[in-house]
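This chain uses plain numbering: 1 for the first residue, then up along the sequence. Since the model is a prediction, treat every value here as computed from it, not as a measurement.
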Amino acid sequence: MAITITNVDFLTALLHGVISFLSPCALPLLPSFIALLLYEKGVRAFLRIVGFFIGLSITFSVLGAISGMFGGFLDKNLLRYISGSIIIAMAILFLFQIQLFKPKSVKLTKFKLGGILSGIGIGFGVGLVWIPCASPVLASILAIAATKGSTLKGATLLFVYSLGISVPFLTMGGVVSKLFTKVSFKTPTWEKVLKYGTSALLFIVGFLIIVGKVFV
């Protein structure tokens, strides 16, 4: 079965991932995550990074596959209204900085040594941290994945979402974390922009899904 992911799908999922990467509750943890990921040197460090990408991607792709499979059992029009309404609700939650789940501490020190397998463990662990931190945004992209009505399409969409987290994480995570945690003006300006901009984006996406303009 061929799979089709449009440019709109790709960009939307990728943007959701980048927004999740910038979650205020996850940014302060980036330096320790990166230090743990790069604890090894040479080839083993490379294998850990590959493993991290695999672990993180699997974590979210499984969620996407479940959402896509669930969406396949619902009537297309009903699914459109449900998904759009969920995303609008998530926009409100994000605006008021309400998390669906409270983040729990994940002990990753047991993966301090090792190659690709320890990297996979770190990827799973980081994914578990991001799920509650970015819960409104994640719920929104899962709702979009459900509109696809396909396990494979849902998994692919959340794989792209994981790219939006892992690529900036691996390329500039430490710099971004230090910049955003040190530059503060009471309530950081970047946090306000992220909050209002993301809330508006989610609301628009939810509305467009309900009226049948996108992702259907």
Side-chain angles (χ1 to χ4, degrees), residues 5 7-40 45-64 90-91 94 97 99 101 103 106 108 111 116 118-142 144-145 155-184 187-202 205:
I5 295 292
N7 289 335
V8 173
D9 295 325
F10 184 90
L11 291 175
T12 301
L14 196 64
L15 182 58
H16 274 67
V18 173
I19 292 171
S20 296
F21 167 75
L22 295 173
S23 298
C25 83
L27 280 177
L29 302 175
L30 282 178
S32 58
F33 284 155
I34 293 173
L36 184 62
L37 189 62
L38 300 179
Y39 187 80
E40 296 281 16
F46 173 76
L47 291 176
R48 279 165 75 88
I49 291 174
V50 171
F52 165 81
F53 176 74
I54 292 172
L56 189 69
S57 299
I58 290 176
T59 301
F60 291 114
S61 294
V62 168
L63 294 177
M90 293 306 104
F94 195 89
Q97 297 293 283
Q99 295 174 337
F101 308 99
V106 179
L108 297 177
F111 302 110
I116 191 168
S118 66
I120 291 174
I122 295 171
F124 281 133
V126 170
L128 292 177
V129 169
W130 249 283
I131 286 174
C133 278
S135 50
V137 178
L138 177 59
S140 298
I141 194 63
L142 288 175
I144 292 173
T156 302
L157 203 61
L158 268 291
F159 172 77
V160 175
Y161 168 83
S162 72
L163 289 178
I165 296 177
S166 58
V167 171
F169 182 101
L170 293 174
T171 56
M172 56 183 183
V175 175
V176 170
S177 177
K178 289 179 181 178
L179 179 64
F180 284 163
T181 53
K182 288 184 178 180
V183 178
S184 177
T187 299
T189 302
W190 70 267
E191 198 171 317
K192 291 181 180 178
V193 172
L194 181 70
K195 180 174 71 173
Y196 294 120
T198 300
S199 298
L201 173 66
L202 295 181
V205 169

Legend entry - Heavy-atom check, side chain of Ile122 versus side chain of Phe33, under 4.5 Å: no
Inset, instruction - Go through the steps for Thr156 and Asp9 under the test side-chain contact (heavy atoms from CB on, under 4.5 Å), then give the verdict. - result: CA-CA 10 Å; Thr156 302; Asp9 295 325; over 6 Å; no
Legend entry - Inter-residue atom distance Leu128.CG - Leu56.CG, 0.5 Å rounding: 10.0 Å
Legend entry - Nearest-0.5 Å distance, OG1 of residue Thr198 to CG of residue Leu15: 7.5 Å
Inset, instruction - To the nearest 0.5 angstrom, please state how far the OG atom of Ser23 sits from the CG atom of Leu194. - result: 7.5 Å
Legend entry - Leu14 side chain reached by Phe10 side chain, heavy atoms, under 4.5 Å: yes
Legend entry - From Leu158 atom CG to Leu63 atom CG, the distance as rounded to the nearest 0.5 Å: 6.5 Å
Legend entry - Flag side-chain contact, heavy atom, 4.5 Å: Phe60 against Ile141: no
Legend entry - Point-to-point distance, once rounded to the nearest 0.5 Å, from CZ of Phe159 to OG of Ser57: 5.0 Å
Legend entry - Criterion side-chain contact (heavy atoms from CB on, under 4.5 Å) on Leu202 and His16, from CA distance to verdict: CA-CA 9 Å; Leu202 295 181; His16 274 67; 3.5 Å; yes
Inset, instruction - May I ask you to decide if the ring planes of Phe21 and Trp130 are parallel, tilted or perpendicular, using 30° and 60° as cut-offs? - result: parallel
Inset, instruction - Decide side-chain contact (heavy atoms from CB on, under 4.5 Å) for Leu138 and Met90; before the verdict, give the C-alpha distance in whole Å, the side-chain angles of both, and the deciding distance to 0.1 Å. - result: CA-CA 9 Å; Leu138 177 59; Met90 293 306 104; over 6 Å; no
Inset, instruction - Quick one: pull up CD1 in Ile19 and CD1 in Ile165 and give me the separation to the nearest 0.5 Å. - result: 11.0 Å
